[in-house]
Amino acid sequence: MTEGLGEARKRWEDTVLGPVLKRYPERQPEFTTISGLPLERLYTPEHVRDLDYLRDTGFPGEYPFTRGVQPTMYRGRLWTMRQYAGFGSAVETNRRFHYLLEQGQTGLSVAFDLPTQVGYDSDHPMAEGEVGRVGVAIDSVEDMEILFRGIPLGRVSTSMTINAPAAVLLAMYQAVAEEQGVDPASLQGTVQNDILKEYVARGTYIFPPGPSLRLVTDVIEYCSQRLPEWNSISISGYHMREAGCTAVQEVAFTLANAICYVEAARERGLEVDAFARRLSFFFNCHIDFLEEIAKFRAARRLWARIMKERFGARDPRSMMLRFHTQTAGCSLTAQQPENNVVRVALQALAAVLGGTQSLHTNSMDEALALPSEKAVRIALRTQQIIAYESGVASTIDPLAGSYCLESLTRRIEEEAEAYIRKIDDMGGSVRAIERGYIQKEIHEAAYRYQMEVERKERLVVGVNAFEEAEEPPTGLLEVDPAVAEQQRAALERLRAERDGDACRRALEDLERAAQGTGNLVPPILEAVRARCTLGEICDTLRGVFGEYRAPGEM
Amino acid sequence: MQQRPIRVLIAKPGLDGHDRGAKVVARALRDAGMEVIYTGLRQTPAQIAATALQEDVDVVGLSSLSGAHRTLFPRVVESLREKGLEDVLVIGGGIIPAGDIPALKAAGVAEVFGPGTPTSRVVEYIRTELEKRRKAS
């Protein structure tokens, strides 16, 4: 197929391209993706000469899963439309959940407020000003029961963005499901439970890496035994990308963290095929359309190879990189916010062309505030238009075979692999994080990008190009400041009404378990059932594990 | 007499973990010749004021993307005043709705920089504002 191609290209360059370039130079001396990968003028079969279709691309639902994890992909079932939502009290968020389900959303995704994410009750001094701000405030299983009131947990799948206290929120979810009469073994959903990226990008850590990894592994182990349909972890590149890393780094750092979790579970004595099929992933979808599609395909192939070759997985499901995608919050502009609808549509399209299993589309007003109901509806409709009108869901991995895309896929895979080798040489991702290596790489990339924008080497519409004078936007969502007071009052009532002795005993049992080596999910579940609060449970663990302090930065 | 370089404390009050902007601004100010200290995450207003005093800074830059700015930025200004640091220039950035800015200014936050602000504008603002204050005193 490529015979004579080199000569033909040479002829074209000399006789057709050359004269045009002389008269009309190109817009830039070189073109790169937003991550800095070079893009050539033209891709031809020469660029994919080394690609072996059966070895590198293959068929969907089969190793190495480059074309997708399901044999029918979206012809069988569309991706799950899952909008991340949560603000104020459990009552308000429950109302938003019902609204989203009525609008045709197909899965739930819970955003918790920061005090919940770092294990403080709403009445803790550090919670001041933060209660209900970026998500829903959950202090005890009673809040959790309100959060899911009227939602049949046996039939909906729920994703929970919770990390350091993942075991506690998972236990609350299980307890609420049991109260609804649902068998835990049938529960479907995901806990993020990915602590490593918290140290480098997201910041909601509580404990030092050692005990944190133990808790992560406890959840993986517990789920493999008791919640077989539950994704025990969602290994996330999203937040590292938001913090400024490149597409290649996003793949590399995410998979390096994943390797660390797999090793931890194996050290626990778990067989790889006993838990690996319930590992899930979470990626960003940024604005560079081609690079992002290639990124998803590269990540799938690389993970399949790692699981098979490095960890000796035999079950194909252990090798499948199943992932959730969220469009890039950091690509949204506060300027001319309506333009964000277009950005999100492009990103969502790339995620679908990249084969995502579920998708959150950002709302146009998220560079300004939490999303309003109208903005969320447009974001959800964007997914529905892609799903039902655009036609791209009708055939599998339609961009496979594109010289450009296959070449980019290969390039991202190779560069990510090189990073992973480097991290391996440092002793793995925990060591790389402790040395500040990952943090530094992310910061360097973020700064490089910012300077490119300031020098106008990269144009962002409305920010450094095509600016216009604007009135401040209206119709933004306001979180009711009364929520903090309501949570405090509810906590007071809970503490007065519950069986104090049972709580104390449950916390003492948890403390003893934490001092030992057993799985902590069962004693946490007991504490949750006894109406212990999230803060009490986390304080008990803080007493045993201590707290993480970030090394002096900069 | 040669003036000492401008000293800036970049701080993350509250529980918010988004520090991309804080770090980028810190680096840009440093590249512009200022001396910059970054507190890291999860600082209480009292801790921020104590660091500002200890480091003898001219400017405190606060970053929050969690919505807690309404409560926490004014608290930082109060804590600085309690330590006798009423001359310190306090500025802020993050996801801050336009409607919140008048209240923050009334509370003593001199300027708020939203998403998309070029770091060069922050540098320029700090230089001009400190110069103005120097002349006035």
Side-chain angles (χ1 to χ4, degrees), chain A residues 87 113-115 117-118 120 125-134 198 201-205 239 242-244 329-330 332-335 366-370 439 442-444 446-447 449-451 453-454 460 462-464 467 471-474 476-479 481 484 549-554, chain B residues 8-10 12-31 35-47 64-76 93-102 113-123:
Chain A
F87 58 92
D113 72 357
L114 284 166
Q117 294 192 49
V118 296
Y120 292 129
M126 281 302 286
E128 180 98 54
E130 307 272 16
V131 176
R133 283 278 164 198
V134 301
E198 297 294 330
R202 199 166 168 277
T204 68
Y205 43 73
H239 318 88
E242 287 291 297
C330 62
L332 303 182
T333 64
Q335 296 75 16
E366 287 187 68
L368 303 161
L370 287 188
Q439 297 90 315
I442 296 173
H443 172 64
E444 289 298 328
Y447 195 64
Y449 175 76
Q450 178 66 25
M451 292 302 116
V453 171
E454 295 198 11
V460 182
V463 174
N464 66 357
E467 298 135 279
E471 289 295 308
T474 53
L476 298 180
L477 181 98
E478 286 260 359
V479 175
R549 295 263 172 260
E553 289 179 275
M554 305 190 69
Chain B
V8 185
L9 178 68
I10 297 292
K12 288 288 302 177
L15 303 178
D16 178 35
H18 297 92
D19 59 358
R20 174 180 181 167
K23 285 177 168 174
V24 164
V25 168
R27 170 98 166 258
L29 298 183
R30 193 172 296 162
D31 284 356
E35 291 176 353
V36 184
I37 302 108
Y38 171 52
T39 60
L41 304 179
R42 291 198 212 170
Q43 300 289 304
T44 64
Q47 284 172 322
S64 174
L65 285 74
S66 74
H69 56 269
R70 290 184 182 193
T71 311
L72 295 177
F73 285 13
R75 286 282 162 79
V76 173
I95 303 288
I96 294 172
D100 290 356
I101 294 175
F113 298 95
T117 306
T119 55
S120 54
R121 194 185 300 159
V122 183
V123 170

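Every chain is numbered from 1, with letters handed out A, B, ... down the list of sequences.
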Among B/Gly99, B/Ala28, B/Gly94, single out the residue with the greatest number of heavy-atom pairs under 4.5 Å to chain A.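 Among B/Gly99, B/Ala28, B/Gly94, the one with the most close pairs to chain A is B/Ala28.
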
Just so I understand: if I count every heavy-atom pair under 4.5 Å between each of B/Ala98, B/Ser64, B/Ser66 and chain A, which residue has the most?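 Winner by heavy-atom pair count: B/Ser66.
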
Only counting residues at least two apart or in another chain, list the ones meeting ring pair (Phe, Tyr, Trp, His ring centres under 6.0 Å) with B/Phe113.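 Ring pair (Phe, Tyr, Trp, His ring centres under 6.0 Å) list for B/Phe113, sorted by chain: B/Tyr125.
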
Chain B interface, residue from A/Ala367, A/Ala369, A/Gly462 that has the most non-hydrogen pairs under 4.5 Å: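 Greatest number of close heavy-atom pairs with chain B: A/Ala367.
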
In terms of heavy-atom pairs under 4.5 Å, which option from A/Leu368, A/Val463, A/Leu370 contacts chain B the most?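 Answer, by heavy-atom pair count under 4.5 Å with chain B: A/Leu368.
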
Taking all non-hydrogen atoms of both residues into account, name the closest pair between A/Glu130 and B/Leu15 and its distance.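 Reported closest heavy-atom pair: OE2-N, 2.7 Å.
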
With a 4.5 angstrom heavy-atom cut-off, is it the side chain or the backbone of [X] that approaches chain B, or both, or neither?
X        : answer
A/Phe87  : neither
A/Glu366 : backbone
A/Tyr120 : side chain
A/Pro115 : both
A/Glu242 : backbone
A/Glu478 : side chain
A/Glu128 : both

Which atoms of [X] come close to chain A, meaning under 4.5 Å heavy atom to heavy atom: side chain ones, backbone ones, both, or neither?
X        : result
B/Arg42  : both
B/Asp16  : both
B/Thr117 : backbone
B/Ala68  : both

Main-chain N/O of [Y] paired to [X] side chain as donor or acceptor, under 3.5 Å:
X        : Y        : result
B/Lys23  : A/Ala446 : no
B/Asp100 : B/Ile96  : no
A/Asp113 : A/Arg133 : no
B/Arg30  : B/Val36  : yes

Would a 4.5 Å heavy-atom cut-off, applied to side chains only, mark B/Ile10 and B/Ile37 as touching?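 No, side chains not in contact.
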
Using a 4.5 Å cut-off on heavy atoms from C-beta on, say whether the side chain of A/Thr204 contacts that of A/Glu198.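 They are in side-chain contact.
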
Polar contact flag, side-chain donor to acceptor under 3.5 angstrom, A/His443-B/Arg27: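 A donor-acceptor contact under 3.5 Å links the two side chains.
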
Judged by modelled atom types alone, do A/Glu454 and B/Thr119 share a side-chain donor-acceptor pair under 3.5 Å?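 Short answer, yes.
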
